[in-house]
Amino acid sequence: MEESDDERRTWDENQIRKYDIKMKSVPKHSFVDPIVMEIMLEGRPVIITDSKMVEPAAKWNLKYLARHMGNTNCNVIVSKDHNFKYYDDKCVQKAVRAKFVPPHKKVTMKIGEFVDKIKEMSPGGERLYLQQALTHSVGTEIVKDFLQFKWDYIKGIQKEMGWGSLTSNLLLIGMEGNVTPCHYDEQENLFAQVKGYKRILLFPPEQFECLYPHPVWHPHDRQSQVDFDDPDLTKFPKFANAMAQEAIVGPGDVLFIPNYWFHHVESLQNGGYTVSVNFWYKSKSTGAVAYPLNATQKMAIMRNVEKMLVDALRDPDEVGPLLRNLTLGRYH
Ligand SMILES: CCC[C@@H](CC(=O)O)C(=O)C(=O)O
Ligand SMILES: [Zn+2]
């Protein structure tokens with residue numbers, strides 16, 4: 001994967017993975033256009049162009065990062081295929097953990113080692129995905145660049161949206177073709193694309209029933225059970241009704257991914273490595289609850305019911321039978 005300064009200025013269709021999913025485009029507007037805030041305030045995704053929000057990161061190519069992040073122990077995921085399906089191996093009950101086979105390895109390595117490894121990667125071989133929180137530990141030059149992000153603009157959005165605190169920024173360096181499979185996060189996300197192109201498929205919380213997330217107690221909590229490369233429509237019939245909103249983002253674009261919106265993210269194939277920086281915020285506190293409840297609130301309620309049942313029943317295997325006894329033939 002050669003370092004080329006004349007990075008691709010655009011992309012073409014054959015770099016995009018083909019899925020049998022109906023889709024429409026995410027709106028794309030300049031940061032100066034008031035419609036951007038209108039769309040965000042409605043809780044809908046939008047691609048924001050020309051903001052220069054993370055302009056200082058435009059120089060974050062592998063050479064620069066290796067030079068200035070050299071001593072940082074970076075979190076890197078190693079996968080045997082193109083999928084990097086997140087799993088949480090910390091708060092997992094022993095019984096569940098015993099049955100769970102992690103789909104990939106999580107390792108730490110210096111960025112120099114990461115750069116060497118991705119350069120020698122062979123097609124079909126192991127893939128790497130560096131996912132490192134940007135904290136003071138990433139080195140003074142990187143911190144300096146970070147502090148020169150357009151924080152007035154960023155904080156303006158945070159304030160107008162009524163978001164809580166900025167919880168973290170992840171630096172994401174992916175190999176071409178890497179996929180983060182469909183999942184949702186419980187935070188608002190300003191997703192800044194720095195280098196290369198990514199395609200994101202987004203689905204609103206209303207489509208929860210089409211995407212079948214794993215149970216909340218499962219290591220793959222929040223991740224869809226549907227394999228987009230080979231969907232099992234017998235097990236997940238409503239996936240056929242899913243309608244995606246597609247965003248293709250390149251250097252300088254920022255995508256708003258609203259809290260609880262499902263998203264699938266891929267680094268375009270044959271597009272070289274990608275660099276992104278995300279900004280995760282605590283969502284607006286719900287305050288007075290207005291009825292009818294929206295889909296996001298209903299997803300939060302379902303999560304709380306599942307958690308309560310797991311705590312009460314202790315055995316996750318008893319949750320399904322109890323919910324079936326509660327609903328089948330009674331709530332239709
Ligand atoms: C670990 C976070 C990965 C990221 C998707 C991607 O860029 O591969 C994402 O899902 C998010 O920013 O919410
Ligand atoms: Zn995410």
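Ligands are counted one by one from 1 in listed order, and the atoms in each one are counted from 1 as well.
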Compute whether any side-chain donor of one residue and acceptor of the other, for [X] and [Y], lie under 3.5 angstrom apart.
X	Y	result
N73	T108	no
H68	K63	no
E188	S283	yes
Y86	Q223	no

With Y184, the ring-ring contact (aromatic ring centres under 6.0 Å, His included) member among F208, W261, Y260, F203 =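 The residue from F208, W261, Y260, F203 that satisfies ring-ring contact (aromatic ring centres under 6.0 Å, His included) with Y184 turns out to be Y260.
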For ligand 1, run through the N/O pairs with the protein that fall under 3.5 Å and put one pair on each line.
from     : atom 1 : to   : atom 2 : distance (Å)
ligand 1 : 7 (O)  : Y129 : OH     : 3.2
ligand 1 : 7 (O)  : K198 : NZ     : 2.8
ligand 1 : 8 (O)  : Y129 : OH     : 2.6
ligand 1 : 8 (O)  : T180 : OG1    : 2.6
ligand 1 : 10 (O) : H183 : NE2    : 3.0
ligand 1 : 10 (O) : H263 : NE2    : 3.3
ligand 1 : 12 (O) : N189 : ND2    : 3.0
ligand 1 : 12 (O) : N278 : ND2    : 3.0
ligand 1 : 13 (O) : D185 : OD2    : 2.9
ligand 1 : 13 (O) : N189 : ND2    : 3.1
ligand 1 : 13 (O) : H263 : NE2    : 3.2

Original post:
Can you name the ring pair (Phe, Tyr, Trp, His ring centres under 6.0 Å) partners of F256, sequence neighbours left out?
Top reply: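 With neighbours one apart ignored, the set is W163.
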ask   = Which protein N, O or S atoms sit under 2.8 Å from the Zn ion (ligand 2)?
value =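 Listed by chain and number, the atoms are H183 NE2, D185 OD2, H263 NE2.
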Note to self: So that I know where these two stand, are Y87 and F100 an aromatic pair - ring centroids less than 6.0 Å apart?
What the structure shows: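 Yes, close enough.
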Taking the six-membered ring for Trp, are F146 and W151 closer than 6.0 Å centroid to centroid?
yes
_Set of salt bridge (charged side-chain N to carboxylate O under 4.0 Å, His left out) partners for E13, sequence neighbours left out_ =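 Counting only residues at least two positions away or on another chain, E13 forms no salt bridge (charged side-chain N to carboxylate O under 4.0 Å, His left out).
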